Amino acid sequence: MSIISGALYVVATPIGNLGDISARALEVLQRATVIAAEDTRHSGKLFHHFGIKTPTMALHDHNERAVSESIIVRLQAGETVALVSDAGTPLISDPGYHLVGQARAAGCQVIPVPGASALLAALSASGLPSERFVFEGFLSAKAGARSAKLVQLREDPRTLVFYEAPHRIKESIGAMAAVFGGDRPAVIARELTKTFETIHGDTLAGLSGWLAADANQRKGEFVVMVGGAPQTEQLVDAEAERVLRLLLEEVSLKQAAALAGKITGVKKNLLYQFALEISGD
Ligand code: SAM
């Protein structure tokens with residue numbers, strides 16, 4: 001594999017299981033001039049394990065803006081820089097955004113080396129709809145701001161994906177149940193790719209009880225996924241809509257919903273809601 005001089009490589013590293021490092025990631029890390037790491041001591045253990053002796057420099061939330069400038073100078077001088085974070089894909093709830101933005105603005109080539117990311121690993125095994133999803137990263141630690149954000153997301157039909165810390169997991173699931181309703185389906189993915197990997201799905205109310213009952217399930221790293229808001233329009237199929245529209249021409253909205261429910265087997269509450277929406281068109 002050839003490595004491009006003057007390029008910034010954004011390199012994903014494992015989220016637990018070291019076997020998840022890619023051959024390409026190892027090659028880039030070995031051959032880069034320097035590795036910019038979120039925590040050089042933490043990543044040093046990974047590099048040691050794989051015999052990587054490339055010099056490292058620290059790039060974290062507190063020095064990123066200042067250090068990025070010096071990295072751009074090095075890239076422009078033809079050096080190759082690899083960026084890693086503590087785990088998973090840099091920039092995903094991790095540093096690197098300013099560096100990548102500045103590098104691209106300066107005309108430097110930025111090359112992704114894809115690999116593990118907790119969000120995609122969790123979603124791919126959750127069984128929740130994955131065609132459309134929204135990643136919210138970490139919710140605020142403050143109860144008020146967290147609830148306000150959840151209220152904003154309440155009607156979103158896409159699967160919602162969050163990262164959460166162990167000391168807040170129980171509280172967050174409780175807040176989600178309060179805002180989204182306890183019967184919303186959700187999945188907790190804990191300790192992915194590690195010894196105690198657990199992927200557990202239930203309603204939000206069920207998950208609250210499960211976390212309260214077992215302190216072990218509140219340890220480690222978490223991805224929380226919540227099914228999107230149910231869409232009445234999707235649940236009312238074309239035939240039910242046709243029947244409902246015909247009845248709406250003859251009888252009241254309430255009667256139309258009740259009769260259409262009896263004829264088609266679709267729940268009358270859904271039909272009533274749907275009738276309200278189409279009457280407003
Ligand atoms: N850049 C990383 C990625 O690509 O997934 C995420 C970094 S963020 C600072 C760390 C959070 O990611 C953890 O608090 C947890 O919510 C989630 N996470 C990371 N590794 C995980 C794992 N093995 N299992 C479950 N969640 C994980």
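Whatever order the structure lists them in is the order used to number ligands and atoms, beginning at 1. What you see is a predicted model, and the numbers here were worked out from it, not measured in a lab. Computed over heavy atoms, backbone and side chain alike; hydrogens, waters and symmetry mates excluded.
The residue among Val223, Ile92, Asn17 with a heavy atom at the shortest distance from atom 6 (C) of ligand 1 is Ile92.
Interface of Thr89 with ligand 1, defined as ligand atoms under 4.0 Å from a residue heavy atom, comprises 1 (N), 3 (C), 4 (O). Distances below 4.0 Å separate heavy atoms of Ser93 from the following atoms of ligand 1: 7 (C), 8 (S), 9 (C). Of all atoms in ligand 1, numbered sequentially from 1 with element shown, those under 4.0 Å from a heavy atom of Ala87 are 1 (N), 2 (C). Taking every non-hydrogen atom of Phe222 and a distance limit under 4.0 Å, the qualifying atoms of ligand 1 come out as 15 (C), 16 (O), 25 (C), 26 (N). Taking a cut-off of under 4.0 Å to the non-hydrogen atoms of Gly88, the atoms of ligand 1 that pass are 3 (C), 4 (O). Atoms of ligand 1 lying under 4.0 Å from any heavy atom of Lys194, numbered from 1 in the order shown and given with element: 23 (N).
The salt bridge (charged side-chain N to carboxylate O under 4.0 Å, His left out) check on Glu155 picks up nothing, with sequence neighbours excluded.
In Asp94, the part holding a heavy atom less than 4.0 Å from any atom of ligand 1 is the side chain. Looking at Ala189 against ligand 1, only its backbone comes within 4.0 Å, counting heavy atoms. Residue Ala122 does not touch ligand 1, judged by heavy-atom distances below 4.0 Å.
Arg242 has a carboxylate O that lies under 4.0 Å from a charged side-chain N of Glu239, or vice versa, which qualifies the two as a salt bridge. A salt bridge does not link Arg245 with Glu249: none of the charged nitrogens is closer than 4.0 Å to a carboxylate oxygen.
Where the criterion is an N or O separation shorter than 3.5 Å, residue side chain and backbone included, Ala118 meets it with respect to ligand 1. Close N/O approach between Ile15 and ligand 1 is found [any backbone or side-chain N/O within under 3.5 Å]. For a threshold of 3.5 Å applied to N or O pairs, the pair formed by Tyr163 and ligand 1 contains at least one separation below that value.
Between Glu197 and Arg190, the closest side-chain pair of non-hydrogen atoms is not below 4.5 Å. A 4.5 Å side-chain heavy-atom check between Ile169 and Val224 finds at least one atom pair inside the cut-off. Side-chain contact check for Leu271 versus Thr264: some heavy-atom pair is nearer than 4.5 Å.
Other residues, nucleotides and ligands place no more than 12 heavy atoms under 6.0 Å from the NZ atom of Lys254.
Considering all non-hydrogen atoms of both residues, Gln102 and Arg65 come closest at NE2-O, 4.1 Å. Of all non-hydrogen atoms in Ala165 and Phe138, the two that sit nearest each other are N-CE2, 4.3 Å.
Remark: distances from the non-hydrogen atoms of Gly16 to ligand 1 are all 4.0 Å or more. Using a 4.0 Å cutoff on heavy atoms, Ala165 does not count as a contact of ligand 1. Note on ligand 1: Phe162 sits outside its first shell, no heavy atom being nearer than 4.0 Å.
Scanning the protein for heavy atoms near atom 22 (C) of ligand 1, the closest one is Leu192 N, 3.6 Å. What sits closest to atom 14 (O) of ligand 1 on the protein, heavy atoms only, is Phe138 CZ, 3.3 Å. Residue, atom and distance of the protein heavy atom nearest to atom 20 (N) of ligand 1 are Glu221 OE1, 3.3 Å.
Ring-centre distance between Phe222 and Phe162: not below the 6.0 Å cut-off.
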Applying side-chain contact (heavy atoms from CB on, under 4.5 Å), run through Val161 and Leu128 and close with a yes or a no.
CA-CA 10 Å; Val161 187; Leu128 289 170; over 6 Å; no
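A side-chain donor-acceptor contact under 3.5 Å links Thr198 to the backbone of Phe196.
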